[in-house]
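Down below is the structure, laid out as structure tokens.
In the text below, chain A, chain B and the rest are named by the order of the sequence lines, each starting its count at 1. It should be emphasised that the depicted structure is a prediction, and the values quoted were computed from it without experimental measurement.
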Amino acid sequence: MVEEISFALSEEQQMMQDTVRQLVQANVIDAIHQWDENRLLDKQAVQKFWELGIIQSMIPEEYGGYGMGSSPVLHTLVLEELAFGDMAFAVYAMLPALFVLPVVNLGSTEQKEKYLPEFCKESFVPATLAVNELSVGFDVWNCETKAEKKGNTYVLNGKKCFVPLADEAKHMIVIAHYEGNPHLFIVDKDTKGLSVGEREKNCGWWALPTFEVTFENCTIPEINKLGDETAFNWLIQRTRTAMAAIGTGISRASYEYSKKYAKERQQFGEPIASRQSIAFMIAEMAYEVDAMRLLTWKAASAIELGMDANRESFLAKIYAGEMTMKLTDYGVQILGGHGYIRDHPVERYYRNGRSIAICEAMAII
Amino acid sequence: MVEEISFALSEEQQMMQDTVRQLVQANVIDAIHQWDENRLLDKQAVQKFWELGIIQSMIPEEYGGYGMGSSPVLHTLVLEELAFGDMAFAVYAMLPALFVLPVVNLGSTEQKEKYLPEFCKESFVPATLAVNELSVGFDVWNCETKAEKKGNTYVLNGKKCFVPLADEAKHMIVIAHYEGNPHLFIVDKDTKGLSVGEREKNCGWWALPTFEVTFENCTIPEINKLGDETAFNWLIQRTRTAMAAIGTGISRASYEYSKKYAKERQQFGEPIASRQSIAFMIAEMAYEVDAMRLLTWKAASAIELGMDANRESFLAKIYAGEMTMKLTDYGVQILGGHGYIRDHPVERYYRNGRSIAICEAMAII
Amino acid sequence: MIQLVTPDYIKTLQDNMHKLAEGVLRPISRKYDEAEHEYPKELDMFRGIKVMARPKKKKEGESSTSGEEKKPKRGANLGMVVTIEEMCWGDAALLLSFPNAGLGNAAILAVANDEQLERFGNKWAAMAITEPGAGSDSGAITTTATRDGDYWILNGEKIFVTCADRSEVVVVWATVDKKAGKAGIKSFVVEKGTPGFTLEHLEHKLGIRASDTGTFVLSDCRIPYNNILGDPEVKMSTEGFKGVMKTFDNTRPLVASMATGIARAAVEFTREQYEKKGYAFDYKKNLSNVSAVEREWYLMDANVEAMRLLTWRAAWMADNNQFNNLEASMAKAKAGRYATLITQRCSELLGPVGYSTQYLAEKWMRDSKIMDIFEGTGQIQHLIIARNVLEMSSKELK
Amino acid sequence: MIQLVTPDYIKTLQDNMHKLAEGVLRPISRKYDEAEHEYPKELDMFRGIKVMARPKKKKEGESSTSGEEKKPKRGANLGMVVTIEEMCWGDAALLLSFPNAGLGNAAILAVANDEQLERFGNKWAAMAITEPGAGSDSGAITTTATRDGDYWILNGEKIFVTCADRSEVVVVWATVDKKAGKAGIKSFVVEKGTPGFTLEHLEHKLGIRASDTGTFVLSDCRIPYNNILGDPEVKMSTEGFKGVMKTFDNTRPLVASMATGIARAAVEFTREQYEKKGYAFDYKKNLSNVSAVEREWYLMDANVEAMRLLTWRAAWMADNNQFNNLEASMAKAKAGRYATLITQRCSELLGPVGYSTQYLAEKWMRDSKIMDIFEGTGQIQHLIIARNVLEMSSKELK
């Protein structure tokens with residue numbers, strides 16, 4: 001029974017949005033350019049986000065968490081605000097959720113007892129998810145990493161790319177094909193057959209360390225399989241919606257920065273915003289950011305209500321993927337030559353913005 | 001040995017372009033709206049075009065023609081000018097070429113002797129080509145009309161749509177699948193098993209009568225097969241380039257009309273062309289019309305040199321298909337409410353312009 | 001709290017309206033496209049139904065916080081856009097032909113006094129704004145209304161009047177004082193049959209052909225003084241004009257939902273046709289690893305959803321008494337443009353089936369185009385949005 | 001006579017240049033993207049080659065209609081755009097780093113007198129036009145050149161100077177008379193090491209990172225009077241300025257061919273990668289009945305061809321002494337915009353392979369973006385085209 005529709009934030013949602021926005025404003029906006037150039041963000045900013053307790057809230061009290069449950073809608077708000085600051089920061093800060101949420105929702109009691117308590121500590125706990133593969137037109141439903149059952153173990157073989165913090169992650173969830181479907185497997189640090197490569201270099205996400213991870217007859221106990229054959233479908237809806245939320249955040253950042261610039265920058269004696277060619281790009285950015293956000297909210301609403309959100313999450317992601325590309329391109333174009341220089345953040349939005357359409361599952365709601 | 005490149009018209013090409021342009025200006029431009037509304041053009045205008053002798057020139061002297069050969073490049077110039085006036089007029093006026101050119105180029109001596117002399121008369125001779133089928137996402141290389149060999153005959157079965165002048169055509173070439181490839185078959189008027197339906201109603205081409213044509217065990221003599229298994233490939237390159245030339249003509253018409261309108265139409269005290277949103281559409285139309293034409297010329301140049309032009313003709317057609325849709329849409333948008341009214345020709349360009357991407361082989365070069 | 005899953009009561013409304021559209025409009029869609037301008041008599045069944053009604057005034061003593069009002073707000077605007085989307089899935093031109101549901105009716109309901117409501121409330125009312133010399137420039141109206149005792153004398157020409165032939169009265173915009181600019185523009189109810197009020201001709205159009213768009217000439221047309229809608233006084237501000245323009249904040253989401261309905265019709269038809277050919281659409285794969293039709297289709301489906309959500313938001317805001325000028329233009333700008341792009345892409349994917357009048361796809365390609373033009377072109381909507389978000393005046397951003 | 005099939009001599013040129021690009025540029029493409037600003041020493045092999053040369057003056061008594069000149073015109077401009085497309089298929093940033101092939105070299109070759117040619121002809125020359133306060137608005141230059149006897153004294157700041165670090169001299173645009181507006185703008189050769197001439201910093205950029213873009217400050221920088229290029233007199237017309245701007249008619253097709261080269265690199269790579277997966281591209285079918293990748297690929301291939309043909313036309317016109325201002329902007333507008341769209345679509349189709357620096361696709365996506373910005377943004381090109389075809393002045397169409 002779905003009673004009402006609402007486009008307005010609740011007080012709780014508003015408060016969370018404000019909190020994260022302020023955190024980003026105070027800790028990320030001024031620092032991010034240097035983090036990006038240095039290829040590493042300041043972990044203190046991540047720690048500050050950790051201290052908001054968003055990850056810990058997802059964990060039931062019996063495992064040491066705050067037991068607040070998790071709200072997919074609320075998480076899209078959080079992700080948009082984080083990504084408004086920087087995508088690398090957003091992925092980094094929310095990374096433990098990629099491990100925690102699946103365990104909370106799909107895990108056996110045994111798995112919960114084993115893994116959840118350590119995420120209730122005072123310091124950020126690195127854990128990650130290995131999904132993407134460096135193959136042409138990578139299709140997550142037909143990934144090439146395979147799992148094979150041998151006795152009471154699973155043996156993993158394959159190679160993943162774009163695995164954030166793989167070097168320090170205590171645990172990672174690995175997506176591998178098994179019996180015709182992608183499944184989730186938990187692999188702990190130092191498992192034999194798991195090797196983490198050199199840090200990757202990518203078009204964007206410079207402040208985020210990502211790695212190629214290889215599984216060579218990597219053998220894990222039977223009990224490390226997380227959930228059943230429906231688990232991946234559970235996961236992908238949430239990660240696709242999360243990617244859409246990140247796209248919304250990046251696009252909004254590009255929109256707001258170039259809007260401000262267009263009003264201030266004078267050319268031929270008038271602000272460039274007074275030219276329709278610039279003004280109409282800004283108008284389009286304004287409504288496309290909103291459209292992206294509404295599609296994201298709709299997918300998150302469906303997930304929150306426990307409904308199947310295959311369609312909604314897919315549409316939100318592909319829409320955000322196309323539009324983030326378009327809007328971050330507009331941002332650079334509006335700034336012209338200045339937009340091409342790394343001094344202005346539209347350059348970073350452009351590089352990061354290209355990844356929404358290209359990648360799967362860098363975050364979760 | 002290809003020696004030189006040239007973007008300039010020769011004197012002969014220039015003269016032909018001028019001649020057709022003047023003919024269209026004098027006979028089509030002012031009359032076409034009424035023809036379109038009446039669902040029939042004035043055959044006298046077609047006859048005037050016929051009297052230029054372009055069709056007759058293609059026919060060797062021994063069959064009664066002028067024996068000037070045929071120049072694909074010249075024909076793209078002719079088609080662009082005709083389509084600048086109206087697509088229905090262009091298809092109608094050049095229709096006999098759809099029959100004559102294949103016979104001249106692919107026909108046996110017997111076929112040439114039988115068919116060509118009647119196209120050297122003083123009056124327009126209706127003949128046509130049946131290619132398109134009313135199926136979803138119709139793919140001409142896999143058409144559903146089939147030919148079967150029975151003794152010394154071929155038996156045709158299937159249904160074609162968009163066949164211009166099928167009711168009065170003395171002969172038509174029918175594309176039917178035979179032994180894994182589309183082939184060309186000549187079917188004469190009144191052949192048993194050939195039935196011409198009611199005149200079709202379509203989105204555009206109102207001045208052009210088109211028909212659905214059904215083949216029900218339509219039996220033709222063996223000697224009516226035109227060319228071998230390479231014949232269709234010969235044909236489709238020439239028809240695709242011709243469609244691109246027509247798209248160029250329609251798009252140029254839309255561009256020129258809306259450009260003139262934008263300069264004259266005042267709003268908020270200034271011509272609407274003084275707004276970048278309008279002016280930039282016009283700029284885009286300007287270079288896309290040229291781009292379409294250059295792709296068309298390149299395909300025609302390759303054909304003229306006797307080279308395989310599969311790629312060039314395909315690219316010219318798909319480019320013209322997409323761009324004609326876009327540019328004729330711009331034309332209506334620039335005129336606003338006035339563009340939506342059939343008093344202004346941009347409305348007709350819009351309807352006709354949609355067919356370039358949708359149809360195959362309404363004309364040939 | 002954000003909640004965008006379609007609520008059950010809206011689903012019920014959608015289902016009911018969809019049945020109506022499918023059962024009544026679709027079967028006659030092609031017929032009246034071909035019979036351009038002919039009144040679709042099948043629509044008479046809707047004549048009795050009050051499509052528009054003025055909210056009842058509260059009776060004296062009636063509590064303003066009765067039990068009913070405590071329920072969450074289920075506003076008329078959202079219901080309206082939902083209904084319109086379904087109807088236009090059926091046929092947009094027929095929706096525009098619904099009796100007594102003209103734009104003029106909306107204007108009369110919004111601002112008529114009781115006496116005027118008595119006289120015109122039950123009449124089919126068209127709206128006449130645009131003039132040959134002014135398209136999007138409503139402030140440049142040159143039709144004049146001159147007072148002559150108990151009468152107004154109107155002179156001018158009006159084009160693009162929807163329901164020109166079928167309507168019984170027409171709400172005409174005219175200036176009572178050219179020097180006053182926008183402040184001098186007022187609207188007047190002119191009854192058919194008034195001497196000097198002539199329907200010159202009906203327009204032949206690219207699409208929405210069932211709708212009778214026409215041109216009126218007013219030549220010393222004399223109407224009662226009381227036929228003026230709203231305050232006759234010319235105030236030295238443009239507040240009055242802005243008030244008139246505000247009606248458009250409400251109509252823009254309606255046009256956006258019309259656009260959404262047509263686009264959805266095309267998208268659904270394309271899917272059905274390709275499913276018959278064995279294609280499956282399952283919302284799962286990577287966009288690169290599918291057929292061309294699937295890729296295009298998913299992107300169109302996403303865009304239809306975006307059009308709908310922007311429209312619903314604008315309507316929901318109106319229902320919740322929020323100022324939605326910006327959001328109304330956003331919905332109209334997006335939906336108007338994409339309806340054309342989507343319907344033409346569908347026709348392209350369909351091939352000849354998208355061009356023959358044996359199917360409706362070519363009609364949707366024509367009908368949808370008006371959505372980016374009337375009630376303010378896409379260019380005007382982008383201007384409104386840009387001025388709003390950039391906080392620039394119409395002088396700073398022309 | 002129209003003939004657009006690529007002639008054999010151009011094919012030979014393409015083949016040769018392609019081998020050079022493949023053999024010399026591609027192998028170091030990633031290396032110098034990562035080593036931002038570092039001079040690619042491998043390019044020293046090109047230092048001896050005269051990339052640019054002034055046509056020899058005819059000796060006295062030499063016939064102006066020698067046998068050679070009767071041959072069909074095979075102009076330098078077409079050869080140049082063909083060469084540049086191949087080089088940029090290799091690497092655009094490296095092309096911009098070719099020794100002695102700066103924009104300043106082109107300006108010197110075009111207008112220097114013999115004495116100046118002697119002094120600067122063999123030096124790597126950059127061009128300094130843009131200022132912090134003026135992007136596309138070249139007429140708003142504020143850098144001043146004040147005469148002081150046998151010297152000019154220059155003051156101002158110049159940004160976005162390509163080859164800022166590597167060049168030996170810089171052609172600086174400055175005004176000798178602010179009141180004279182565009183007529184007062186002249187260009188001056190400033191040698192590196194001149195006191196008061198400082199390279200402030202090099203820019204870190206989105207793409208073309210191998211190219212050293214920098215900012216110069218001129219602070220009472222004193223240069224010989226004879227370092228002024230062209231006529232020092234300020235004429236009360238903008239003819240002089242227009243003359244300077246005309247250099248851009250020649251550079252716009254060059255940028256268009258750079259864009260074409262990058263886009264083609266991405267399109268070819270995408271095809272190769274998908275062919276490895278078993279896809280076939282055969283230029284035959286209906287666009288609806290293919291895979292998503294094929295459909296996108298065919299459309300991109302058509303657009304690359306359109307970019308190339310518009311570019312070749314502009315170059316061919318220059319070779320045939322036709323005024324190509326309009327056509328140069330058309331090529332630049334189309335190619336600049338579509339290079340970005342195409343490279344990003346390729347990366348999208350490739351998936352993670354389009355984002356990792358293990359492949360070059362992500363680099364092309366970054367490099368291509370400058371093509372719609374430098375030498376006049378896409379917006380400026382559209383303005384030029386629109387003014388031209390609408391026959392409107394820069395006052396009538398801003």
Apply side-chain contact (heavy atoms from CB on, under 4.5 Å) to A/Y287 and C/H382, showing your working.
CA-CA 10 Å; A/Y287 63 74; C/H382 280 81; 2.9 Å; yes

Run the side-chain contact (heavy atoms from CB on, under 4.5 Å) check on A/F314 and C/D282 step by step: do they pass?
CA-CA 10 Å; A/F314 182 73; C/D282 74 351; over 6 Å; no

Do A/V73 and C/Q3 pass the side-chain contact (heavy atoms from CB on, under 4.5 Å) test, and can you show the C-alpha distance, the side-chain angles, and the key distance before you say yes or no?
CA-CA 8 Å; A/V73 173; C/Q3 201 306 95; over 6 Å; no

Verdict with supporting geometry, C/N286 and A/V140, side-chain contact (heavy atoms from CB on, under 4.5 Å):
CA-CA 7 Å; C/N286 177 306; A/V140 66; over 6 Å; no

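Side-chain atoms of A/L77 and C/I2, non-hydrogen and from C-beta on, do get closer than 4.5 Å to each other. Side-chain contact between A/L294 and C/E305: absent, with no pair of heavy atoms (C-beta onward) separated by less than 4.5 Å. Annotation: side chain of A/M285 is not in contact with side chain of C/V389 (no heavy-atom distance under 4.5 Å). Counting heavy atoms from C-beta on, the side chains of C/Y9 and A/V2 never come closer than 4.5 Å. No side-chain heavy atom of A/E284 sits less than 4.5 Å from a side-chain heavy atom of C/I385. Using a 4.5 Å cut-off on side-chain heavy atoms (C-beta onward), C/L78 and A/I5 make contact. Counting heavy atoms from C-beta on, the side chains of A/N233 and C/K284 come closer than 4.5 Å.
Residue C/N388: no heavy atom, backbone or side chain, is found under 4.5 Å from chain A. Both the backbone and the side chain of C/D8 come within less than 4.5 Å of a heavy atom in chain A. Only the side chain of A/W141 comes within less than 4.5 Å of a heavy atom in chain C; its backbone stays farther off. Of the two parts of C/E396, only the backbone, made up of N, CA, C and O, holds a non-hydrogen atom closer than 4.5 Å to a non-hydrogen atom of chain A. For A/L305, the part lying under 4.5 angstrom from a heavy atom of chain C is the side chain only. Residue contact with chain C, scored on non-hydrogen atoms closer than 4.5 Å, involves the side chain of A/Y255 exclusively. Both the backbone and the side chain of C/L390 have a heavy atom closer than 4.5 Å to some heavy atom of chain A. Using a 4.5 Å cut-off between heavy atoms, C/E327 makes no contact with chain A at all. With a 4.5 Å cut-off on non-hydrogen atoms, C/S329 does not touch chain A at all.
Comparing C/Q322, C/Q379, C/K11 by heavy-atom pairs within less than 4.5 Å of chain A, the highest count is held by C/Q379. Chain C forms the most heavy-atom pairs under 4.5 Å with one residue out of A/A273, A/A299, A/A302, A/A262, and that residue is A/A273. Interface remark: of the candidates A/E304, A/E288, A/M307, A/E288 forms the most heavy-atom pairs closer than 4.5 Å to chain C. Per-residue counts of heavy-atom pairs under 4.5 Å with chain C were compared for A/Q14, A/R240, A/E312; the largest is that of A/R240.
In summary, C/R295 and A/E322 engage in a salt bridge, as defined by a charged side-chain N under 4.0 Å from a carboxylate O.
A/S6 approaches C/M1 most closely through the heavy-atom pair CB-O, 3.2 Å. Here the closest heavy-atom approach between residue C/E391 and residue A/K263 is recorded as O-NZ, 3.4 Å. Closest approach of C/S288 to A/G137, counting heavy atoms only: CB-CA, 4.5 Å.
In this structure a side-chain-to-backbone donor-acceptor pair under 3.5 Å is missing from C/D301 to A/L315.
In this structure, CG in C/L4 is found 5.0 Å from CZ in A/F7, a value given to the nearest 0.5 Å.
By the neighbour-count criterion of 12 heavy atoms within 6.0 Å, atom CD of C/E275 is densely surrounded, having more than that number from other residues, nucleotides or ligands. Annotation for C/K277: atom NZ counts as buried by contact number, over 12 foreign heavy atoms lying within 6.0 Å.
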